[in-house]
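Below is one structure, written out as structure tokens; comments come after it.
Keep in mind the model is a prediction, meaning the values are calculated, not measured.
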Amino acid sequence: MPEDDERPDPSTAGRATGVVTVGMCVGMCVAVWWPAFTLGAWGRLFFEQELAVWAASSAALLIVLFRHHGEQHRKRRAAALMLPSVWLVLALTVEDHGGFLDALTGALGDTVAVLGLPATMWVLARIMWPDFGAGLLSPARRALVVALVLSIAVASYLLGVHHAAFLTCEDFTVSGNSEPPGCAPAAPGSASGR
């Protein structure tokens with residue numbers, strides 16, 4: 001009997017869990033890299049990042065609120081998905097002119113932008129596939145997904161901080177972004193600057 005025939009085939013549920021886990025991990029990493037890089041390069045997040053999180057979480061919130069299947073953690077998910085809207089209401093109404101409330105609102109906006117998209121994706125995955133977190137994904141694998149996403153976020157932030165080592169001012173300008181502080185000027189006579 002060939003060696004391959006002796007190995008048990010992974011179950012369909014196991015394969016599906018693996019595919020969803022990889023997809024979620026990649027999706028969350030893609031969602032978190034740009035806000036983290038922006039925070040490192042410019043020292044702040046751009047409004048479209050914060051508003052993208054608000055839009056995604058608001059849509060997910062409506063799904064949670066209007067879904068009437070047996071949601072065990074419905075209130076907690078709804079509360080978490082409301083945070084971007086709380087930030088937006090605070091940003092629209094608080095006028096502290098650089099005081100504590102402005103700093104608090106800014107910190108909440110930054111937190112929402114960096115953590116909101118991965119959290120929203122996680123909630124949506126749990127809504128679409130309720131069994132995903134119920135024993136199909138071990139705590140060790142969940143911790144691995146979180147660790148991978150956090151490591152990409154930290155690496156992206158550090159790449160943003162050290163952008164001058166591998167990007168030029170022209171790279172930012174050509175991509176439609178403003179030049180971050182400390183960007184490296186393009187080398188004379190080079191098409192891409194490096």
Problem - Which residues share a side-chain hydrogen bond (donor to acceptor under 3.5 Å, both in side chains) with Thr93, sequence neighbours left out - result: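 With neighbours one apart ignored, the set is empty.
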How close do [X] and [Y] get, counting heavy atoms only, and between which atoms?
X      : Y      : value
Ala186 : Glu170 : CB-OE1, 3.5 Å
Phe172 : Glu179 : CB-CA, 4.3 Å
Ala164 : Ala184 : O-CB, 3.7 Å
His163 : Cys183 : CE1-CA, 3.5 Å

Practice task
Name all residues meeting the disulfide bond (SG atoms under 2.5 Å apart) criterion together with Cys29; count only those two or more places apart in sequence or in a different chain, and write none if there are none.
Solution key: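 Checked Cys29 against disulfide bond (SG atoms under 2.5 Å apart); zero matches.
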Handout entry: With sequence neighbours excluded, residues passing side-chain contact (heavy atoms from CB on, under 4.5 Å) with Leu61
Key =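 Counting only residues at least two positions away or on another chain, Leu61 forms a side-chain contact (heavy atoms from CB on, under 4.5 Å) with Leu65, Ala78, Leu81, Met82.
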How many angstroms lie between atom [atom1] of [X] and atom [atom2] of [Y], to the nearest 0.5 angstrom?
X      : Y      : atom1 : atom2 : value
Leu62  : Ser57  : CG    : OG    : 9.5 Å
Leu167 : Ser175 : CG    : OG    : 8.5 Å
Leu51  : Leu88  : CG    : CG    : 6.5 Å

Please tabulate, one pair per line, all N/O donor-acceptor pairs under 3.5 Å involving side-chain atoms of residues 148-156, not counting sequence neighbours.
residue, atom, partner, partner atom, Å
Ser151, OG, Ala147, O, 3.3
Ser151, OG, Leu148, O, 2.8
Ser156, OG, Ile152, O, 2.8

Count I, L, V, M, F, W, Y as connected when their side-chain heavy atoms are under 4.5 Å apart, and connections chain through other members. Are [X] and [Y] then in the same cluster?
X      : Y      : value
Leu83  : Val53  : no
Val30  : Leu144 : no
Leu104 : Val89  : no

Practice task
For the residue pair Leu159 and Phe166, establish whether any side-chain heavy-atom pair is separated by less than 4.5 Å.
Solution key: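 They are in side-chain contact.
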Handout entry: Of all pairs that satisfy side chain to side chain donor-acceptor pair (under 3.5 Å), the ones with a partner from residues 34-47, not counting sequence neighbours
Key =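 The answer is Thr38-Gln49, Trp42-Ser178.
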Exercise for the section: Using the side chain to side chain donor-acceptor pair (under 3.5 Å) rule, collect all pairs that involve residues 78-90, keeping only residues at least two apart or in two chains. Expected result: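 Sorted pair list: Trp54-Ser85.
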